Each structure stands twice: as structure tokens, then as C-alpha cells.
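So you know, we letter chains A, B, ... as the sequences are listed, proteins then strands, and number each from 1. All values reported here derive from a predicted model rather than from experimental measurement.
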There are 2 protein chains.
Amino acid sequence: MKLERPDVRAHVLRAALLAIDEVGPDRLRVRDIAERAGMSSGHVMYYFGKRDRILVSTLLLSEDELAERRTAELATVADPREAVGRLVEMYLPAGAGDVRWRLWAQIVARPPQDEETLARIAGFTGAWARELARIVVRGVGEGLFRPVDDPEDHAMRMCRIMDSLASDVLLGLPGCDAGWAHEQAMRAIRRELLP
Amino acid sequence: MKLERPDVRAHVLRAALLAIDEVGPDRLRVRDIAERAGMSSGHVMYYFGKRDRILVSTLLLSEDELAERRTAELATVADPREAVGRLVEMYLPAGAGDVRWRLWAQIVARPPQDEETLARIAGFTGAWARELARIVVRGVGEGLFRPVDDPEDHAMRMCRIMDSLASDVLLGLPGCDAGWAHEQAMRAIRRELLP
DNA sequence: TCCAACTTTGAAAGCCATTCTAAAAAGGGA
DNA sequence: TCCCTTTTTAGAATGGCTTTCAAAGTTGGA
């Protein structure tokens with residue numbers, strides 16, 4: 001059986017996700033990926049050209065998948081209050097080793113240059129904010145939340161606060177674990193939504 | 001003339017700051033620092049042991065110095081409204097290449113393990129928030145700002161929003177330059193302070 | 001069946017942090 | 001001042017990892 005070019009890429013990215021989970025994106029060697037994908041390092045390079053591009057592509061994949069899971073899962077939550085909690089839980093890192101967030105950290109430390117990738121990255125954060133705004137609007141409509149003057153703006157600010165909380169979790173600052181971050185985020189969000 | 005041990009370290013860190021400004025913390029080679037400090041690479045390693053520790057120490061130095069400049073400079077600003085603007089300007093990156101922020105990004109991507117360093121890092125962000133809170137309290141006292149229920153909490157949230165804005169600037173997301181970040185930060189802060 | 005383009009491998013090149021060796025310089029105590 | 005010990009310094013050796021390369025293997029179409 002033979003895999004088409006895009007399939008091989010996807011296969012490599014899954015291997016990368018696995019490998020990153022085990023060794024972390026900073027210590028990740030091309031060989032770690034190649035081993036897990038069952039191919040040679042040179043072969044992986046043939047498909048991606050640069051180690052960095054593997055990381056970026058992996059983040060894009062991971063973020064794409066999470067976005068899908070997000071919309072799917074949030075669709076099943078009727079209560080907006082609960083939906084906010086669920087979104088926050090999905091957005092924030094599950095711990096200091098959270099793959100998705102460690103990838104983000106890596107990308108920020110060494111940002112891609114090409115405009116197209118940057119645009120996609122911006123799109124991700126925008127999508128999260130819009131999703132949150134949608135939930136808030138629904139909650140306001142149902143009289144569960146206090147009206148917000150600009151839901152998009154509010155949502156964006158909340159996502160920004162969560163970004164920073166995530167960063168503290170990743171750093172492993174004393175007392176800053178996943179539960180703490182969730183608590184902090186919820187407090188900030190509730191502050192504006194509940195009187 | 002002979003430099004004492006701590007002086008040599010400081011000398012190296014200044015060289016590092018210079019070097020980082022020129023090549024960026026990610027591409028920074030130990031040799032880049034050594035050259036600029038007028039010593040051999042081995043010698044630099046003798047003092048720091050690991051390249052990573054140079055980066056961490058450089059961030060700590062840079063952050064210490066900025067904290068000093070901050071308190072010095074803010075003491076000269078009478079109007080709290082102006083002081084807030086000044087603080088925001090000092091906090092946020094001056095551009096995508098901002099040394100201090102690129103160092104932060106590097107540290108988050110590869111966090112130090114030792115508790116003492118982490119505690120110092122946490123201290124920095126705390127100090128920023130306290131400084132902002134102090135200004136806000138003063139402004140409230142003078143009747144310039146709307147009263148805030150918990151100034152520390154407000155300040156921390158604002159700093160978090162700025163962290164995330166900084167990250168967008170560093171990434172070089174389309175439209176996210178230093179001016180944009182300043183504008184966004186000010187809007188978020190004013191939102192709660194001005195009615 | 002044969003050719004041209006694409007895949008795949010494993011080794012070579014080159015770069016860099018880190019370690020090591022040995023020389024040089026300081027610092028004291030007699 | 002003269003040794004001896006400790007610290008500092010330079011520069012070369014090591015080992016690991018990305019990236020490049022050359023050659024062998026496949027595929028698909030003419």
C-alpha cells in the first residue's frame with residue numbers, strides 16, 4: 001500500500017504529535033519523529049525541508065483538530081454557563097506539559113515568516129474568541145448573563161487573559177497549575193457576565 | 001585591571017544583551033556573546049555552565065533594570081492618566097524584535113526548572129501589576145478614575161492582556177505592531193477606569 | 001518495456017554546545 | 001622573593017543534531 005503525498009505529511013505530523021508528547025517540542029529531534037513514523041530522518045526532511053516547518057505544521061494540525069472537537073462538543077452543551085466552562089477547559093493547557101501550548105510557545109519564540117501561516121495563526125485565535133462571543137450572546141439572550149456592550153471585544157479580552165494564564169502554567173510558576181488557571185479564567189469571565 | 005567574579009558575569013550579560021539585539025535569542029551562539037565580551041567561548045561557559053542559564057540570567061538582568069527605570073520614571077509623572085500610558089509603553093514590546101520580550105518567549109518555550117528562578121520570574125510580573133495598581137488607586141483617589149473593587153486584580157488582568165498583545169506583536173501577526181498593541185491595551189484599561 | 005520523475009535511504013558535511021587539557025595568572029605564606 | 005595551590009583563560013576535542021547529498025529503488029505513463 002502506498003500513501004499519497006498529503007497522507008505521508010499527515011502521517012508524519014501524527015508521529016510528531018506523539019513524539020512531542022514524549023520528549024517536548026524543544027528537545028524534539030527529527031529522528032524522534034522519523035522513528036515513530038517508521039521512516040528515515042532524511043525522508044522526513046524531504047517532506048518538510050526544515051525542522052521548524054514540522055513544528056508549525058503540527059501546531060496547525062493540532063489547532064485545526066481542536067477547533068473541530070470544540071464546535072462538535074459545544075454543540076451538545078445547552079446551558080451557556082456550562083458551555084463557557086467547557087470552552088475554558090478546552091482552551092487552557094491541561095498541565096505544564098500540554099503539547100498544544102508547548103507548541104505555541106515554540107512558535108512564538110521562533111515565529112514563522114510567511115504571511116500565509118501567520119494569517120492562519122491569527123485565524124485560530126479569532127475563531128476561539130468568536131466561539132466564546134457566540135456563547136455569551138446566547139447567554140445574554142436567555143437572560144443568564146448581564147448584557148455586554150461588545151461581545152467580540154469581551155471575548156477577545158478573555159482569550160488574552162487565558163493566553164497569559166497558560167503561559168504561567170507552562171512556566172511552572174509556583175502555584176500556577178491547570179486548576180488554578182481554570183479558576184482564574186472563570187473568575188475573570190464571570191466578573192463581567194454575572195452582576 | 002582585573003574584574004571580580006560577579007563583574008565578569010555582569011560583563012558577559014551586557015555582551016549577551018548586545019548580541020541578542022543583533023542576532024535574536026534563538027539564533028544566538030555562545031560565540032556571539034564571547035566575541036562581544038572579548039573572551040573565548042570556553043571562558044563564557046566557565047562562568048555560566050549552560051547556554052540556557054545565560055539567557056535566563058540575561059532576562060533577570062534586563063527585567064531588574066527595567067523595573068528600576070520604571071519606578072524612577074513613573075515617580076516623575078504626576079498625572080495618573082499619563083502614568084498609566086507610560087507604564088503601558090514600558091511594559092509592551094517596542095516592536096517584533098524587542099529583546100526583553102524575545103527573551104521571555106525563549107524562557108517560556110524552555111522554562112527553567114529551579115524554584116528560585118521561577119519565584120523571581122513570578123516576582124517580576126507581580127511587581128508590574130502592583131505598580132499599575134498603585135497608579136490606579138492614586139487616580140481613583142484624585143477622582144480621575146472610576147472606583148475599582150479590587151485594584152490588584154484589575155491590574156493583574158490588564159497585565160495579562162498586555163502579555164497576550166505582546167505575543168501577537170512578537171509573532172508579527174498581520175496588523176499587530178507596537179502601536180496597535182498600545183492602543184488595544186489602553187482601550188482595555190480605560191474601559192474599566194473611565195465611565 | 002523503457003524512461004523520466006519522484007521516493008527513500010543512509011551516509012557526509014557542517015554547525016554548535018559542552019567538555020577537556022593544559023597554560024597562565026593570582027594569591028598567600030614562609 | 002619563591003613556591004605551591006587555586007582560579008581563570010584559551011583553544012582544541014567531542015558528540016549530537018540538522019541539513020544536504022549521492023545513489024538506489026519505485027512508479028506511472030508512453
Inset, instruction - Would you confirm whether His154(B), through its side chain, and Asp149(B), through its main-chain N or O, come within 3.5 Å as a donor-acceptor pair? - result: no
Legend entry - Summary of ring-ring contact (aromatic ring centres under 6.0 Å, His included) pairs that have at least one residue in residues 161-195 of chain A, sequence neighbours excluded: none
Inset, instruction - Indicate the atoms forming the closest heavy-atom contact of Arg36(B) with Leu18(B), along with that distance. - result: CD-CB, 4.2 Å
Can you give the donor-acceptor pairs under 3.5 Å from side chains of residues 116-127 of chain B to other protein atoms, not counting sequence neighbours?
{"residue": "Thr117(B)", "atom": "OG1", "partner": "Asp114(B)", "partner atom": "OD1", "Å": "2.6"}
{"residue": "Thr117(B)", "atom": "OG1", "partner": "Asp114(B)", "partner atom": "OD2", "Å": "3.0"}
{"residue": "Arg120(B)", "atom": "NH2", "partner": "Asp64(B)", "partner atom": "OD2", "Å": "2.9"}
{"residue": "Thr125(B)", "atom": "OG1", "partner": "Ala122(B)", "partner atom": "O", "Å": "3.1"}

Legend entry - Trp101(A) versus Tyr91(A), closest heavy-atom pair with distance: NE1-O, 2.8 Å
Inset, instruction - Looking only at non-hydrogen atoms, find the nearest pair between Glu115(A) and Pro174(B) and report the distance. - result: OE1-CB, 4.5 Å
Inset, instruction - Give a yes or no answer on whether the side chain of Asp32(A) reaches the backbone of Arg29(A) with a donor-acceptor pair at less than 3.5 Å. - result: yes
Legend entry - Nearest-nucleotide pick for Tyr47(B), side chain only, options being dT18(C), dT9(D), dT18(D): dT9(D)
Inset, instruction - For Phe48(B) and dT8(D), give me the distance from atom CZ to atom P, rounded to whole Å. - result: 13 Å
Inset, instruction - Choose from dT9(C), dA10(D), dT18(D) the nucleotide whose nearest atom is closest to any side-chain atom of His43(A). - result: dT9(C)
Inset, instruction - Can you tell me the distance, in whole Å, between the CG atom of Leu55(A) and the P atom of dT19(D)? - result: 10 Å
Inset, instruction - For DNA chain D, determine which residues of residues 25-36 of chain A have any heavy atom closer than 4.0 angstrom to one of its atoms, and list them numerically. - result: Leu28(A), Arg29(A), Val30(A)
Legend entry - Spacing of Arg51(B) atom CZ relative to dT19(C) atom C1', expressed in whole Å: 17 Å
Legend entry - Any residue of residues 105-113 of chain A with a heavy atom less than 4.0 Å from an atom of DNA chain C: none
Legend entry - Of all pairs that satisfy salt bridge (charged side-chain N to carboxylate O under 4.0 Å, His left out), the ones with a partner from residues 78-95 of chain B, not counting sequence neighbours: Glu73(B)-Arg86(B), Asp79(B)-Arg81(B), Arg86(B)-Glu89(B)
Inset, instruction - Over all heavy atoms of both residues, which pair between Pro25(A) and Arg51(A) is shortest? Give the atoms and the distance, please. - result: O-NH2, 3.1 Å
Inset, instruction - Measure the shortest side-chain to side-chain distance between Arg100(B) and Leu66(B) over non-hydrogen atoms and say whether it is less than 4.5 angstrom. - result: yes
Inset, instruction - Determine the minimum heavy-atom distance between Asp163(B) and Ser164(A), stating which atoms define it. - result: OD2-OG, 3.0 Å
Sub-3.5 Å pairs of nitrogen or oxygen atoms, protein against nucleotides 20-25 of chain D:
none

